[in-house]
**Q** 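Here it is: the structure, laid out below.
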Amino acid sequence: MLSELRGLNEECGVFGIWGHDNAAQMAYYGLHALQHRGQEAAGICTVHDDHLLVEKGEGLVNDVFHGDRLDKLPGHAAIGHVRYTTDGGRGIENVQPLVFRSTTGSLAIAHNGNVTNAGELKRHLERQGSIFQSTSDTEVLAHLIKKNISYPQNERFKKALAQLQGAFAFVLLTEDALYVAQDPNGMRPLSLGCIGGETWVVASETSAFDLIGAETVRSVEPGELVIIDDDGIRSDRFAPKTSRAICSMEYIYFSRPDSDIDGINIHMARKRLGKRLAQEVTIDADVVTGVPDSSISAAIGFAEESGIPYEMGLIKNRYVGRTFIQPSQELRERGVKMKLSPVRQVVEGKRVVMVDDSIVRGTTSKRIVKMLRDAGAKEVHVAISAPPLIAPCFYGVDISTDSELIATGRTPEEICELIGADSLQFLSAEGLIEAVGRNDGDPNRGHCLGCFTGNYPTDIFADTKLPHEKERV
């Protein structure tokens with residue numbers, strides 16, 4: 001799926017490391033493995049001689065850390081961040097990690113997710129004299145920590161985190177420790193790893209561990225605060241255990257196929273989604289193809305289960321500029337032809353099943369269906385390896401408002417007509433849960449299905465902003 005053309009984006013990736021002589025270089029490689037989670041800005045902060053050093057900027061990891069910029073970041077510990085932003089959220093003041101300095105010590109924060117009660121907390125803090133320097137939810141945590149200055153450091157962190165609601169995965173760096181925190185529902189992925197039994201690492205996805213030679217240890221638990229320092233690693237809690245509700249889109253689309261979440265491999269989960277979809281629907285066709293890249297695994301699973309041959313009917317051009325920066329939807333739609341090309345020899349005269357992972361506005365699906373028909377496809381049947389997106393996401397995923405979601409208030413038949421397909425099939429919510437494989441009776445292995453059902457695992461406040469309405473974290 002081409003998220004940059006369809007308005008579906010995950011906001012950030014975070015990375016942390018403690019106990020390595022080349023911490024900044026390791027963070028650089030870790031951020032490379034997380035680049036798919038955010039392409040607009042990147043930053044790294046290290047600890048050296050009891051000082052926090054930071055280098056960050058707008059652009060891809062390679063764009064930001066060119067020349068000798070990594071040489072300016074000595075130290076044995078580091079945190080890093082990649083993010084996706086909107087026009088209103090651009091500006092160096094919003095690029096993470098955010099660093100806060102005071103006479104009582106410095107703090108750097110990198111964050112993935114969305115704090116749903118940020119507006120309420122900001123108003124409360126401003127009434128008490130706080131002045132915010134950015135538009136990011138991340139800064140709220142720094143002010144809350146500062147307000148608890150009379151408590152020991154670990155308690156300050158716990159009391160501040162306990163006031164936040166929503167979805168968040170934080171890595172925080174001080175002069176003497178690395179802190180890792182996961183929201184009480186565990187909605188964003190966050191894993192711990194180790195190198196050689198002495199160096200500890202944390203990342204949004206385990207694919208970052210593979211690149212730097214780290215071994216995955218476990219997922220960070222919901223409501224857990226992990227403290228890593230020169231004495232080792234220990235676990236504390238800022239919130240009681242509750243039922244986990246990890247974002248289902250991590251398995252469907254956002255995470256890299258080579259990553260694992262709670263021991264479940266993303267590629268294999270997507271294959272099972274495709275297999276389950278083939279079990280739920282019946283389509284007479286000659287060839288199955290997937291929309292690159294995230295739908296390929298599901299398309300392979302669909303083909304294996306249905307017995308319809310899989311072919312590369314669509315090719316992605318990997319050397320085209322990032323078309324999501326175009327100023328209008330019309331220009332973004334034209335970018336589809338730059339990004340994707342149909343293989344005429346594969347689809348001409350054939351009944352084609354086009355497997356995709358979701359439909360947001362429907363404009364890109366309509367254009368891809370037309371491209372396949374123009375290439376000679378006799379029929380185009382669209383099969384989606386997820387339920388229809390009918391509700392916005394408030395937890396850090398750029399899923400549009402109700403009025404922009406093509407599935408809101410429409411039947412699959414109506415959507416099918418709008419995108420010009422011969423048929424349109426969606427995976428059921430029950431099929432999604434069973435195919436991913438988290439339904440093993442463990443309450444800590446649940447899903448957030450808010451964008452599919454409109455039922456959210458946390459309170460949504462009246463002034464909670466959607467991710468595209470404010471700075472992304």
Side-chain angles (χ1 to χ4, degrees), residues 9-14 37-38 79 81 83-86 88-89 93-100 107-128 130-148 156-172 179-190 204 220 222-225 237-240 242 244-247 249-250 392-399 448 450-451 456-473:
N9 294 280
E10 217 286 330
E11 275 57 65
C12 290
V14 297
R37 301 186 73 89
I79 63 173
H81 190 265
R83 72 172 192 149
Y84 168 78
T85 64
T86 58
E93 71 275 6
N94 287 316
V95 178
Q96 298 187 27
L98 299 182
V99 178
F100 307 90
L107 171 68
I109 306 178
H111 170 208
N112 175 30
N114 194 30
V115 178
T116 56
N117 63 335
E120 178 182 291
L121 291 171
K122 279 187 176 182
R123 286 191 297 273
H124 174 72
L125 289 164
E126 286 174 344
R127 286 194 295 266
Q128 294 183 334
S130 294
I131 299 174
F132 287 83
Q133 302 297 318
S134 72
T135 59
S136 170
D137 286 355
T138 308
E139 192 175 353
V140 171
L141 179 59
H143 286 272
L144 290 173
I145 291 172
K146 182 66 174 178
K147 290 296 180 183
N148 294 313
R156 299 205 317 263
F157 281 65
K158 288 165 60 177
K159 287 182 177 295
L161 289 162
Q163 296 181 63
L164 305 182
Q165 295 189 36
F168 52 84
F170 282 105
V171 289
L172 307 99
Y179 294 83
V180 183
Q182 173 73 283
D183 72 76
N185 292 102
M187 283 187 264
R188 302 259 68 86
L190 196 61
S204 293
V220 179
E224 183 181 17
L225 177 65
R237 301 201 65 82
F238 66 89
T242 186
R244 186 161 192 180
I246 194 165
C247 173
M249 291 303 295
E250 292 290 348
C393 175
F394 296 94
Y395 301 120
V397 177
D398 184 14
I399 293 183
C448 174
C451 56
Y456 302 101
T458 71
D459 292 334
I460 303 298
F461 292 78
D463 64 346
T464 298
K465 293 183 178 181
L466 291 167
H468 66 275
E469 296 176 319
K470 63 176 180 178
E471 156 60 5
R472 300 178 185 281
V473 291

**Q** Is there side-chain contact between Leu107 and Leu172, with heavy atoms separated by less than 4.5 Å?
**A** yes
**Q** Taking only residues two or more places apart in sequence or in another chain, which ones pass side-chain contact (heavy atoms from CB on, under 4.5 Å) with Lys158?
**A** Glu155, Leu225, Asp236, Phe238
**Q** For a quick test of reading the model, state the closest non-hydrogen atom pair linking Pro457 to Ala245 and the distance between them.
**A** CB-CB, 4.0 Å
**Q** Where is the tightest heavy-atom contact between Gly186 and Arg244, given as atom of each residue plus distance?
**A** O-NE, 2.9 Å
**Q** Over all heavy atoms of both residues, which pair between Pro392 and Tyr456 is shortest? Give the atoms and the distance, please.
**A** O-OH, 2.7 Å
**Q** For Val14, is there any backbone N or O sitting under 3.5 Å from a side-chain donor or acceptor partner on Arg37?
**A** no
**Q** Evaluate side-chain contact (heavy atoms from CB on, under 4.5 Å) for Phe394 paired with Thr458, printing each intermediate quantity in order.
**A** CA-CA 10 Å; Phe394 296 94; Thr458 71; over 6 Å; no
**Q** How long is the gap from CG on Asp183 to CG on Leu164, to the nearest 0.5 Å?
**A** 9.5 Å
**Q** Write down the atom of Ala169, the atom of Pro189, and the distance for their closest heavy-atom approach.
**A** CB-O, 4.5 Å
**Q** Checking Asp137 side chain against Val115 main chain: does a donor-acceptor pair fall under 3.5 Å?
**A** yes
**Q** Could you walk me through whether Asp459 and Thr116 satisfy the side-chain contact (heavy atoms from CB on, under 4.5 Å) test, starting with their C-alpha distance in whole Å, then the side-chain angles of each, then the deciding distance to 0.1 Å, before giving a yes or no?
**A** CA-CA 8 Å; Asp459 292 334; Thr116 56; over 6 Å; no
**Q** How long is the gap from CG on Leu141 to CZ on Phe157, to the nearest 0.5 Å?
**A** 7.5 Å
**Q** Rounded to the nearest 0.5 Å, how far apart are CE of Met187 and CD of Glu250?
**A** 12.0 Å
**Q** If the threshold is 4.0 Å, N to carboxylate O, is there a salt bridge linking Lys122 and Glu139?
**A** no
**Q** I need the Leu98 CG to Gln133 CD distance, nearest 0.5 Å.
**A** 10.5 Å
**Q** After noting the C-alpha distance and the side-chain angles of Tyr395 and Cys448, does the key distance pass the side-chain contact (heavy atoms from CB on, under 4.5 Å) rule?
**A** CA-CA 10 Å; Tyr395 301 120; Cys448 174; 4.2 Å; yes
**Q** What verdict does the side-chain contact (heavy atoms from CB on, under 4.5 Å) test give for Leu161 and Phe170, after you've listed the backbone C-alpha separation in whole Å, the side-chain angles of each residue and the deciding distance to 0.1 Å?
**A** CA-CA 10 Å; Leu161 289 162; Phe170 282 105; 3.9 Å; yes
**Q** So how far is it from Lys159 NZ to Asn148 CG, rounded to the nearest 0.5 Å?
**A** 6.5 Å
**Q** Looking at His124, Lys147, Lys146, which one forms a side-chain contact (heavy atoms from CB on, under 4.5 Å) with Ser130?
**A** Lys147
**Q** Does His81 use its side chain to pair, donor to acceptor, with the backbone of Val95 at less than 3.5 Å?
**A** no
**Q** To the nearest 0.5 Å, what is the distance between CG on Asn114 and CD on Gln165?
**A** 12.5 Å
**Q** May I ask you to test the Leu125-Phe132 pair for a side-chain heavy-atom distance under 4.5 Å?
**A** yes
**Q** Considering all heavy atoms of both residues, which atom of Gln182 and which atom of Leu190 are nearest to each other, and what is their separation?
**A** NE2-CB, 3.8 Å
**Q** Quick one: closest heavy-atom pair of Ala110 and Gln96, and the distance?
**A** CA-OE1, 3.2 Å
**Q** Classify the angle between the aromatic ring planes of Phe168 and His111 as parallel (below 30°), tilted (30 to 60°) or perpendicular (above 60°).
**A** perpendicular
